[in-house]
*Asks:* 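First the structure, then my questions, so here it is.
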Amino acid sequence: MMVLVSYDVSFEDPNGKHRLRKISKICENYGQRVQYSVFECVVDPAQWTAFRHHLMQVYDEEKDSLRFYFLGKNWQRRVEHHGVGVAYDPENDALIL
Amino acid sequence: MKKLLNTLYITSQGSYLSKDGECVVVKSAEGQKKRFPVHVLDGVVCFGNVLCSPFLMGHCAEKGLSLSFLTERGRYLAAVHGPQSGNVLLRREQYRQADDPDAAARVARGVVAGKVANSRAVLRRCLRDYSDRVDVERVQGAVGVLDGCARRLRSPVSLDEIRGLEGLAANTYFGVFDELVLSKEQAFGFNGRVRRPPLDNVNCLLSFVYTLLAHDVRSALEAVGLDPQVGFLHRDRPGRPGLALDMMEEFRSFLADRLVLSLINRGEVETKGFTKKESGAVFMDDNTRKTVLTAWQKRKTDEVTHPFLSEKIPLGLAFHVQARLLARYLRKDLEGYPPFFWK
């Protein structure tokens with residue numbers, strides 16, 4: 001399934017930058033960065049549980065926000081892209097570099 | 001059930017692959033970076049001068065990604081494996097049955113029966129769709145010979161006889177293969193199968209697609225813990241993946257050959273994409289190779305109904321299903337090995 005993960009991390013306290021870096025590292029492990037703090041992740045339920053757990057451990061409930069959008073299995077028709085930074089479809093595109 | 005995952009093909013020369021967290025990072029010679037999470041991939045295939053960090057190799061081995069190195073032209077060079085994995089008992093059983101001519105003949109018979117039936121199905125489909133453009137009598141004759149082979153394979157036959165029938169079937173099939181090439185361009189003429197090196201464009205395409213097929217079948221076999229080198233139909237030879245070649249026989253005609261045919265007949269590959277060397281060997285250029293890779297990857301996502309499981313699966317998973325069925329047969333959970341019959 002496809003999950004869209006986006007986050008806002010507060011820089012108010014000195015730990016903010018640290019948390020931001022950690023969260024983006026975790027997201028990079030599971031998906032591709034489509035905008036600065038937006039990730040598209042194709043995961044199965046087990047991977048999603050682990051992924052979510054990692055994020056929950058790092059973020060600060062009081063200061064940051066995390067949003068997950070569940071786009072399901074047929075997500076291709078729910079996503080439209082315009083402009084720069086074209087993303088790849090990890091399931092169906094031929095990955096040739 | 002396993003999911004069909006994507007394969008990453010690296011064809012840009014001078015690329016460097018490394019590991020960052022859970023990602024494969026591809027750095028091109030120009031310094032551009034692209035990253036792919038490991039869990040969306042089930043294999044990485046490197047063509048030519050592609051470097052790979054030892055940590056990524058270790059990570060791939062651990063996560064069960066197959067990592068293969070091919071020459072720029074697509075000849076197989078090496079693959080990276082982690083510590084010997086899979087079930088020893090299964091592998092021992094495989095060796096025992098491969099040593100026993102009667103037991104080996106039973107598996108080989110299934111494999112060749114699959115090959116003959118699938119080659120025949122390819123010819124039949126051509127007769128049905130293009131009866132106005134091919135020499136019907138010739139193709140019909142070949143279908144008749146293949147019918148005969150299939151009939152003889154229905155009763156138990158010795159291993160040598162099976163090999164004989166396999167040769168006869170292959171010769172007959174490739175004897176009329178040029179009829180299936182509908183493009184009337186001289187450049188895509190076909191006069192029998194030639195390899196090492198391929199001497200014409202069609203053979204060049206066939207060889208390349210067979211290499212891709214071999215990579216996929218081999219990694220499927222390894223994933224279930226079978227030894228890809230010990231075959232039943234193919235005799236052991238150092239460095240030859242005998243079992244992978246055995247299992248490929250079922251898939252060659254309808255998966256690889258038809259892919260090549262449709263690339264040619266639909267005009268997706270062009271004459272100018274091929275070059276002939278002084279030695280007579282034919283090579284294709286980067287763009288043609290990319291076209292073939294894309295088509296191959298696309299073909300693997302096509303859904304078919306598995307003849308034995310009666311379940312819809314993407315073609316790319318058929319290798320894994322067959323490998324698992326073979327393992328089950330070797331463990332004596334199944335009475336016979338059910339080959340893949342394409343309809």
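Just so we're on the same page: letters track the sequence lines, and every chain starts at 1. These numbers come from the heavy atoms of this one structure, side chains and all, not from hydrogens, waters or symmetry mates. Please read these numbers as outputs of a predicted model, since none were measured by experiment.
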*Asks:* Heavy-atom distances under 4.5 Å only: say whether A/Q47 touches chain B with side chain, backbone, both or neither.
*Replies:* side chain

*Asks:* Which atom names give the shortest non-hydrogen contact between B/D20 and A/K25, and what distance separates them?
*Replies:* OD1-NZ, 4.2 Å

*Asks:* Evaluate whether atom NE2 of A/H81 has more than 12 neighbouring non-hydrogen atoms of other residues, nucleotides or ligands under 6.0 angstrom away.
*Replies:* yes

*Asks:* Take atom CZ in A/R52; do more than 12 heavy atoms of anything else shown fall under 6.0 Å from it?
*Replies:* no

*Asks:* Against chain A, label B/F36 side chain, backbone, both or neither, depending on which of its atoms sit under 4.5 Å from a heavy atom there.
*Replies:* both

*Asks:* Could you pull out the closest heavy-atom pair between B/H39 and A/V43, with the gap in Å?
*Replies:* NE2-CG1, 3.8 Å

*Asks:* So with a 6.0 Å cut-off around CZ of B/F55, is the heavy-atom count from everything else above 12?
*Replies:* no

*Asks:* Would one find more than 12 heavy atoms of other residues, nucleotides or ligands at under 6.0 Å from atom CZ of A/F70?
*Replies:* yes

*Asks:* Please state whether the side chain, the backbone, both or neither of B/K34 comes within less than 4.5 Å of a heavy atom of chain A.
*Replies:* side chain

*Asks:* Do you know which two heavy atoms are closest between A/N29 and B/C23, and how far apart they sit?
*Replies:* CA-SG, 4.0 Å

*Asks:* Around atom CD of B/E303, are there more than 12 heavy atoms from other residues, nucleotides or ligands closer than 6.0 Å?
*Replies:* yes

*Asks:* With a 4.5 angstrom heavy-atom cut-off, could you sort out which part of B/S15 is near chain A: side chain, backbone, both or neither?
*Replies:* neither

*Asks:* Do other residues, nucleotides or ligands put more than 12 heavy atoms under 6.0 Å from A/E61 CD?
*Replies:* no

